[in-house]
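Worksheet: one structure, shown below.
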Amino acid sequence: MPAPYLQSYESRLANYNNPAARALLECIARKQSNLCVSVDVSTKAKVLEVVDAVGPSVCLIKTHIDIVEDFDADLLDQLEQLSKKHDFLIFEDRKFADIGNTVVLQYSKGVHQIASWSHFTNAHSVPGPGIIAGLASVGLPLGRGLLLLAEMSSEGTLAKGEYTEATVQMARESRGFVVGFIAQQRLGRADEDFLILTPGVQLGSAGDSLGQQYNTPAAVVGKGADVIIVGRGVYGKAGKEAVREEAERYKKEGWAAYEQRMKAAQA
Ligand code: 5BU
């Protein structure tokens with residue numbers, strides 16, 4: 001029997017109880033898309049334009065909600081409508097990094113009320129397990145899922161080696177809520193199944209001037225990514241039609257790489 005991640009997305013449903021993880025696996029299989037587009041634009045109109053353009057091609061939309069200058073509750077309503085129209089889930093890339101008591105407040109309160117609309121969020125493991133306990137106290141009753149930042153795509157990252165290993169161990173101890181990692185490669189033992197979401201993906205660019213490092217969809221899926229996260233590679237194109245086409249291109253690349261991974265495992 002090949003390792004869980006070498007099996008189909010559908011068959012991996014059996015390995016997850018978390019409702020957000022299950023919904024994501026189902027959506028990936030239904031749409032034949034392992035593409036997450038990161039919508040890092042700073043006005044409400046632009047966020048909605050990009051999401052409407054890429055929606056048909058993605059399983060997941062990633063937000064940095066705190067960069068939207070004219071944020072209001074209507075943006076969340078419209079995002080939710082688009083997620084129903086196009087069938088995708090939402091991941092707020094909040095990168096929580098504080099003590100449990102503080103992240104409870106940051107996750108549930110303030111202007112953004114992240115837990116109320118975001119199926120997934122993520123957290124650094126640097127504070128220790130209290131951060132997971134705090135976030136779980138808010139997110140679990142709502143059926144949310146947490147991704148731990150086990151590795152980063154940026155040059156010189158300190159999230160490697162023993163830090164990454166200790167992060168995986170923390171995840172093992174909270175499997176109901178922690179559904180996987182933001183990472184650059186497959187993590188965990190061969191018999192374990194964690195979702196691996198990988199940012200730092202672009203075709204035709206090696207990186208940016210601020211330390212971002214890019215790999216291709218084929219390279220990251222080959223190393224174990226379940227979901228590829230693409231930002232500027234998609235929303236950076238000029239015009240809604242070009243953005244839509246680019247999302248479709250990454251969707252096809254990501255799916256072909258997944259099929260290739262399954263084929264290689266069966267050979
Ligand atoms: P890009 O435009 O494809 O470079 O955007 C990548 C997105 O993923 C951006 O929102 C980052 O904040 C996010 N990101 C990342 O690039 N690398 C990481 O290790 C993590 C998040 Br964690």
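All ligand and atom numbering here is 1-based and tracks the order in the structure.
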### Query
If you measure only the distance, is there a donor-acceptor pair under 3.5 Å linking the side chains of Ser8 and Ser11?
yes
### Between Asp77 and Gln81, a side-chain donor and acceptor under 3.5 Å
no
### Task
Provide the number and element of each atom of ligand 1 under 4.0 Å from a heavy atom of Ile182.
22 (Br)
Verify, without hydrogens or angle tests, whether [X] (side chain) and [Y] (backbone) share a donor-acceptor contact under 3.5 angstrom.
X      : Y      : result
Ser33  : Ser57  : yes
Asn215 : Val201 : no
Ser38  : Asp40  : no
Asn34  : Gly254 : yes

Protein contact to [atom] [nearest heavy atom, distance to 0.1 Å]:
atom                     : result
atom 17 (N) of ligand 1  : Ser153 OG, 2.7 Å
atom 1 (P) of ligand 1   : Tyr214 OH, 3.4 Å
atom 21 (C) of ligand 1  : Lys95 NZ, 3.4 Å
atom 22 (Br) of ligand 1 : Leu149 CD2, 2.8 Å
atom 14 (N) of ligand 1  : Pro199 CB, 3.8 Å
atom 16 (O) of ligand 1  : Gln212 NE2, 2.8 Å
atom 12 (O) of ligand 1  : His64 NE2, 2.9 Å
atom 9 (C) of ligand 1   : Asp40 OD2, 3.2 Å

### Note: Arg186-Asp226 ion pair, threshold 4.0 Å (strictly below)
yes
### Message
Could you tell me if the side chain of Asp72 sits less than 4.5 Å from the side chain of Lys44, heavy atoms only?
### Response
yes
[X] versus ligand 1: do any nitrogen or oxygen atoms come within less than 3.5 Å of each other?
X      : answer
Arg232 : yes
Lys62  : yes
Gly231 : yes
Glu151 : no

### Summary
The remaining residues in the hydrophobic cluster of Val126, counting side-chain heavy-atom contacts under 4.5 Å among Ile, Leu, Val, Met, Phe, Trp and Tyr, are Tyr163
### Task
Any pair with a residue in residues 106-120 that passes side chain to side chain donor-acceptor pair (under 3.5 Å), sequence neighbours left out, goes on the list, sorted by first then second residue, please.
none
## Note on the structure
Within the 4.0 Å heavy-atom cut-off, what Asp93 brings close to ligand 1 is side chain
### Task
Using non-hydrogen atoms of the residue, decide whether Ser38 is closer than 4.0 angstrom to ligand 1.
yes
